[in-house]
Protein chains: 2
Amino acid sequence: MFDSSTTCEELSHPLWNRETTPGSLADLLQGFEPRRRLLKPKSHVFRAGQAAGSVFLVNSGIFKTCLATSDGRERITGFRLRGDLMGMESLGQEVHSSDAVALATGEVWEYTRQQLSAAGPQVQQRLANELASEIRRDWRWMLDIGSLCAEKRVVAFLLDLGARLQAMGFSGRHLSLHMTRSEIGNFLALQLETVVRAMSRLQLLGLIAVDGREIELRDTVGLSRMLSVSPSERLRAA
Amino acid sequence: MFDSSTTCEELSHPLWNRETTPGSLADLLQGFEPRRRLLKPKSHVFRAGQAAGSVFLVNSGIFKTCLATSDGRERITGFRLRGDLMGMESLGQEVHSSDAVALATGEVWEYTRQQLSAAGPQVQQRLANELASEIRRDWRWMLDIGSLCAEKRVVAFLLDLGARLQAMGFSGRHLSLHMTRSEIGNFLALQLETVVRAMSRLQLLGLIAVDGREIELRDTVGLSRMLSVSPSERLRAA
DNA sequence: CGAATTGTTGATACGTCTCAAAAATAGTGG
DNA sequence: CCACTATTTTTGAGACGTATCAACAATTCG
């Protein structure tokens, strides 16, 4: 078990609050002042059914986007970190079709439809690229969820989150999941108990260290190796 | 069993071959002559790794788009009909990240990067909307695959295909799946045997009639009703 | 501090996968 | 057109992984 005094420290880490532009989209939009919204945990950035048009750039914190059906089913479509865009999937729609909820205190920058269209073709282009990369991300998760067993899905999830945090300047080894086991399971199409069991086993194998929502990736190469499927499984999704 | 003389008739149905523009994208692009490519069954429109840039509008036939990993896993990301776009997910990428394969003889219209950018902001806008709607579609399938049992997934698949064909002017009752059970299973994250069993049972229940790849939706309301989850299952994905 | 939420582990049930074998269908070349 | 092969579809039996249910511990929150 690693030092648990780091619990929830990352949110107050200076990098999370730096005022530099996180992605090239904000670079392109300099001159257009976004509306800045500070979000408390569990508060909504937007809800399905609300008027759409703006896109929200995550500046700090961590958010989830979810889809719900009339018959009560619900699905988390992604966890969004600094630099990620939310709300673009409603482009061309009158209203949002999904929710965006803060998992921790954070800030989003809202760019209105007007700002985006006034910003010129370069921004349009950039936005289309972001949409395309969201599709590639989604397809990748559809692939993983369809062809990996529970344990491997959890590994893929942890490695993905670690890599994204690392790309933001963090260690990538120590991550604090700000979401519940249930939310992880929902995203990975697993029950929360299955997520718990997978993590327990990964800890037993010495690959990770679990302390509540603080996870240490003890052996990233070992974790990555887990993802290369065994010969018997190679045929599964083929 | 319904009259099997309709087998494969739909592909030669006049509607499939009409020369009118199928979607509003082609409307907007009038004046820009696309390169028309006739595809034989099993031939590729494009492959992962090939130079990207063009988008392909399905004019006739039916296609699948698939994603593959280095470790041999493979996943069909969607089945594309007349009016659907393929290749947009590679926007902003040097090369394609997925494959597009014809399941039957069909035609695609290729619009090059140059044509698209020369066509003006309206087309860019429209393209972005298409990307957004692909994301919503993907999210919807991720939700269904994560929260529906095998049988319901198959029902959702059949109803979706039926509705799309109906929107194209077909009956929506008689559909010829031009894909194998294995491909359906791959898309729905199921084994082909499970797809077969689901269809057999649906036939037993009198909801559909199966004759090879020809399916008749005998009771669309009954099928739809199946999708409204039982109270016990309501809690599953929550 | 109590109350609600979240996390953990166990025992069991159930759905889907896996393996196998055969039938049906499609594709190929003589 | 037929014979021949390869592919696809179908059904069965059993194994396996994950869901489900339950109980309790740990944590968070008002």
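Convention: sequence-line order gives letters A, B, ...; per-chain numbering from 1.
To the nearest angstrom, P of dT8(D) lies 13 Å from CG of N186(B). Distance K42(A) NZ to dA4(C) P: 14 Å, rounded to the nearest Å. Across the protein-nucleic acid pair, M199(B) atom CE and dA24(C) atom P stand 19 Å apart, rounded to whole Å. Summarising the geometry, the separation between CD on E193(B) and C1' on dA20(C) is reported as 10 Å, rounded to the nearest angstrom. Protein atom CG of D211(B) is 9 Å distant from nucleotide atom P of dT10(D), rounded to whole Å. For the pair L192(A) CG and dT20(D) P, the computed distance is 11 Å after rounding to whole Å. If you take CG of L188(B) and C1' of dC17(C), they are 16 Å apart, rounded to a whole angstrom. The interatomic distance linking E183(B) (CD) with dT8(D) (C1') rounds to 11 Å, in whole Å.
Within the structure, ring-ring contact (aromatic ring centres under 6.0 Å, His included) contacts touching residues 60-86 of chain B (residues at least two apart or in different chains) are F79(B)-F157(B), F79(B)-F187(B).
One finds no side-chain N or O of T194(A) lying less than 4.0 angstrom from the OP1 or OP2 phosphate oxygen of dT18(D). The shortest distance between the side-chain N/O atoms of S200(A) and the OP1/OP2 oxygens of dT9(C) is below 4.0 Å. Residue R197(B) places no side-chain N or O under 4.0 Å from the OP1 or OP2 atom of dT10(D). Considering only side-chain N and O atoms, R181(A) lies nowhere under 4.0 angstrom from the phosphate OP1 or OP2 of dT5(C).
Applying the side-chain contact (heavy atoms from CB on, under 4.5 Å) test to S224(B) and every residue at least two apart in sequence or in another chain returns L159(B).
R153(B) comes within contact range of no nucleotide atom at all, as no heavy-atom separation falls under 4.0 Å.
For the residue pair S147(A)/R73(B), the side-chain donor-acceptor check at 3.5 Å is satisfied. Side-chain contact of E107(A) with S60(A): a donor-acceptor pair under 3.5 Å is absent, judged by distance alone. Neither side chain, T65(B) nor S98(B), offers a donor N or O lying under 3.5 Å from an acceptor on the other.
With dG7(C), dT18(D), dC17(C) as the candidates, the nucleotide lying closest to the side chain of T180(A) is dG7(C). Distances from the side chain of V196(A) to the nucleotides dT6(C), dT18(D), dT8(C) place dT8(C) closest.
Judged purely by atom type and a 3.5 angstrom limit, R153(B) uses its side chain to pair as donor or acceptor with the backbone of A189(B). Side chain of Q203(B) to main chain of V210(B): a donor-acceptor pair is present (N/O by atom type, distance under 3.5 Å, no hydrogens or angles).
Fit an axis to the five pairs at each end of the helix from dC1(C)-dG30(D) to dG30(C)-dC1(D) and the two axes sit 60° apart, to the nearest 10 degrees.
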